[in-house]
Amino acid sequence: MKWTAIPFAGEWGIATSFFQTAADEARVLSARPAVELRDEQRDERRDDQKRKPVPARAQEMAEQVKGQIGSVEGVSRVDAVKGYLNVYYRTSEYAQRVVDEVLASRADFGRGAAKGERVMVEYAQPNTLHSIHIGHARNTVLGEALARLTEFAGFETIRASYPGDLGLGVITVMWMYEKFYKGQEPQGVHERGQWLLKLYVEANVLLEKKENETPEQTAQREAYEAERREMYRKYDAGDASVRELWRVTREWALEELQDVLRILDVKMDVWFYESEVDEPSKAIVEELIAKGIADDERPQGGAVIVKIDEKLGLTKEKYRTNVILRRDGTTLYLTKDLALAKVKFEKYHVDRSIYVVDVRQSLHLQQAFAILKLWGFPQAEKCYHLGYGFVSLPEGAMSSRRGRVVLFKEVYDEAIKRVLAVESERSGNVPEGEREEIAKQIGLGALVYSMLAVDNNKDIVFDINEALSFDGRTGPYIQNAHVRANSILKKSKVESQKSGDLGPLTFDYELTKHEIELIEQISQFPAKVQQAANEYRPLVMAQFAYDLANAFHSFYHAVPVLQTEDEKIKNARLSLVAAAKQTIANALRLLDVQAPDVM
RNA sequence: GCCCCCGUAGCUCAAUGGACAGAGCGACAGCCUUCUAAGCUGCAGGUUGUGGGUUCGAGUCCCGCCGGGGGCGCCA
């Protein structure tokens, strides 16, 4: 029998339906030969049952079962309604169980049992040529929330970053620097990152073919292009000065990435650099040729390719054919991803490998997974591409090449500014010395939540006013619930105390619907953790955090706590507030959002 | 041409095949001498793009159509 929560507010319990049973019965009755029925004494009644619509019969069954159930421990009543059997819990016992569990487990409330499975989440893969924009931020936040969820749900989790520190884009910035900006170096980690982006944009203007070029312009552009190609060649050949230039500019970019990760409270376990998988991936190409998976067309002046559909025996085109080694012997994105997967499987022994990558790369990753399967890696089945919609601007797609991007750091700074601007009017309780820190937590909370509160596959048109809204279904709304709970506890002076310190806890009084709704939300947290982790969807947790905060705000408004005269009820409510505060904090933590005590 | 994703309230988005499709924003009307008003309460807003099918039951699964977006061997 499958039990689900009763979707009613105000009272909680579990329910099961009888539709399936009723439908099955109807099938059996109608399948039985009529002659057999005629022999039955009560065939008329059977005919009635047969004709009875399924919902009505299901209701009948529910009522029957209800009649057979006596009184059950912890259950207040059983109802049969609309084909469902509803079992309502005895409120006081259930409430006490939930609150006790939260206050006993604290930060571990909701943590799933160890699953004995190792998961690697790969995210934060920006190129090392420019500053982190808001699209990278979505990627990072999504990956981090997912990692926190899988970890808390009981999976051993490894966080991996895969910065693209190689390729034409990187060379382009190096060329621009060498030619026009040599010796310059802005101070400040982010200033330097943004400056690299500026160089990249300028270089692309110089290198891009324009309409109606004069012969001089064409010659100039081609000369630049030749220089860039030469630099790429020198890099490949291991030229000392070019390598040094590469090392220095790369470091500037990585320092900025590190700082963004610090701001977002992301601690990577493993760093895979594109430059480090480049060489090993060439050996893989040879192996794939030897195994008959890849076809070497170089003798005919072609590349090394894998005819994926053909090798898999598919007749319809699905994965198509892809190149794994250019005709000039250099590697591609796909080549390196194959090498990286091998490392993940063999060195880190991951059972599941999650790639948090833009949905536009879906085909490429599917191709990579298919080749891994051909290659004989059983883990290929456990590779999962968590695609997410891209972040665009009202004026169109973001383009690093054209410099049409919204930088993460700009939005972050703006967020802090806006919080500080409203802090004086909205909150009087923030100590002067903590204003900046609290403003960071709230500003970032708004930004992060706005990106997680949308399902992965949705594109986001970035609107800064929407992303930094502090009202309604937002990060600050949830943070505020945490703050209000904290405020009550602080005034009651039990904040740091354990549930036991409140005396024997009992909810043996008539609970208001707001208290019951709040307890119901709290009790759902562990299941939501599992759901969000299993479905790879931080949105589930974002939604839950809002619902929980919403239940708390309503409770806060309608139910007095400190003013309660009955000491027992007051203590029960205080413990409920403590449980709510803890659960909100746990949920926010999984969303990579800070839970301030004041705001 | 082939593949993938999406279409739900004016807007932005939710909804393990189950009960009455829910929130926020925006609009309107209330609530601060009561634990923080970044809040609460009320009101309004829907033929879930469309036509079939499967099912006791479809926003959800299958097929067709319409509309939007993305991708498709030497970019990443």
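Computed from a prediction, not measured in an experiment: that's the story for all the values here.
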Range-with-range stems of RNA chain B (Watson-Crick or G-U pairs under 3.5 Å, three or more in a row):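 As far as RNA chain B goes, consecutive pairing (with distances under 3.5 Å) yields the stems B:1-7 with B:66-72, B:10-13 with B:22-25, B:28-31 with B:39-42, B:49-53 with B:61-65.
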Working for ring-ring contact (aromatic ring centres under 6.0 Å, His included), residues A/Phe552 and A/Phe555: CA-CA 5 Å; A/Phe552 183 79; A/Phe555 161 83; 5.8 Å; yes
In this structure, how many angstroms lie between the [atom2] atom of [N] and the [atom1] atom of [X], rounded?
X        : N     : atom1 : atom2 : answer
A/Leu334 : B/G71 : CG    : C1'   : 15 Å
A/His553 : B/G24 : NE2   : C1'   : 13 Å
A/Leu468 : B/A38 : CG    : P     : 18 Å

[atom1]-based separation of [M] from [N] [nearest Å]:
N     : M     : atom1 : value
B/C28 : B/G45 : C1'   : 12 Å
B/U60 : B/G7  : C1'   : 14 Å
B/A29 : B/A44 : P     : 15 Å
B/C11 : B/G46 : C1'   : 15 Å
B/G68 : B/C62 : C1'   : 23 Å
B/A14 : B/U8  : P     : 11 Å
B/G69 : B/C13 : P     : 15 Å
B/C66 : B/C56 : P     : 32 Å

Polar side-chain contact A/Arg320-B/C2 base: donor and acceptor under 3.5 Å: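 Per atom types, the contact qualifies.
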B/C72 base / A/Glu317 side chain donor-acceptor hit below 3.5 Å: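 Per atom types, no contact qualifies.
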A/Asn571 side, atom CG; A/Ser575 side, atom OG - distance, nearest 0.5 Å: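 So the CG of A/Asn571 and the OG of A/Ser575 are separated by 7.5 Å.
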Nearest-0.5 Å distance, CD1 of residue A/Ile14 to OH of residue A/Tyr88: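 Atom-to-atom, A/Ile14:CD1 and A/Tyr88:OH are 12.0 Å apart.
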Chi-angle category of B/C31 [syn within 90° of 0, anti beyond]: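 Anti, angle beyond 90° from zero.
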Which nucleotide, [options], lies nearest any side-chain atom of [X]?
X        : options             : value
A/Ala303 : B/A38, B/C74, B/C40 : B/C74
A/Ser554 : B/C40, B/G39, B/U16 : B/C40
A/Tyr546 : B/U41, B/A19, B/A23 : B/A23
A/Phe390 : B/G69, B/G39, B/C35 : B/G69

Hey, does [X] reach any base, or is it just sugar-phosphate, or nothing, if we go heavy atoms under 4.0 Å?
X        : answer
A/Gln361 : base
A/Val559 : base
A/Phe19  : base
A/Thr321 : base
A/Arg360 : sugar-phosphate
A/Ile442 : base
A/Glu274 : sugar-phosphate
A/Val483 : base
A/Leu562 : base
A/Val577 : nothing

Please enumerate all residues that pass salt bridge (charged side-chain N to carboxylate O under 4.0 Å, His left out) together with [X], with sequence neighbours excluded.
X        : result
A/Asp79  : A/Arg77
A/Arg233 : A/Glu230
A/Glu434 : none

Pi-cation contact, A/Phe390 with A/Arg360 (under 6.0 Å, within 45°):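 Yes.
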Six-ring centre of A/Tyr273, A/Arg250 cation under 6.0 angstrom, axis tolerance 45°: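 Yes, a cation-pi geometry.
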Looking at [N], I'd like to know if its phosphate oxygens (OP1 or OP2) sit under 4.0 Å from a side-chain N or O belonging to [X].
X        : N     : result
A/Thr474 : B/A38 : no
A/Arg484 : B/A37 : yes
A/Asn550 : B/G39 : no
A/Lys82  : B/G57 : no
A/Arg326 : B/C75 : yes
A/Tyr556 : B/U41 : no

Candidate pair A/Leu288 and A/Ile324, rule side chain to side chain contact (heavy atoms under 4.5 Å, CB included), full reasoning: CA-CA 10 Å; A/Leu288 288 172; A/Ile324 58 170; 3.9 Å; yes
Heavy-atom neighbours of A/Glu565 CD exceed 12 at 6.0 Å: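 No, the 6.0 Å shell around CD holds no more than 12 heavy atoms from other groups.
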RNA chain B: 5'-proximal contact among A/Gly164 and A/His557 (nearest heavy atom):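 Going by which nucleotide is closer to the 5' end, it is A/His557.
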Most 5' of A/Phe470 and A/Asn127 on RNA chain B, judged by nearest nucleotide: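 Mapping each residue to its closest nucleotide by heavy atoms, the 5'-most match is A/Phe470.
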What pairs of nitrogen or oxygen atoms, one from the protein and one from nucleotides 10-15 of chain B, lie under 3.5 Å apart?
from: B/A14; atom 1: OP1; to: A/Asp455; atom 2: N; distance (Å): 2.8
from: B/A14; atom 1: O2'; to: A/Gln543; atom 2: OE1; distance (Å): 2.5
from: B/A15; atom 1: OP1; to: A/Arg537; atom 2: NH2; distance (Å): 2.4

Ionic contact status for A/Asp309 with A/Arg320, cut-off 4.0 Å: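 Salt bridge flag = no for A/Asp309 with A/Arg320.
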Please tabulate, one pair per line, all N/O donor-acceptor pairs under 3.5 Å involving side-chain atoms of residues 17-24 of chain A, not counting sequence neighbours.
from: A/Gln20; atom 1: NE2; to: A/Asp24; atom 2: OD1; distance (Å): 3.2
from: A/Asp24; atom 1: OD1; to: A/Arg27; atom 2: NH2; distance (Å): 2.8

Full working for side chain to side chain donor-acceptor pair (under 3.5 Å) between A/Tyr388 and A/Asp358: CA-CA 5 Å; A/Tyr388 60 91; A/Asp358 189 325; 5.2 Å; no
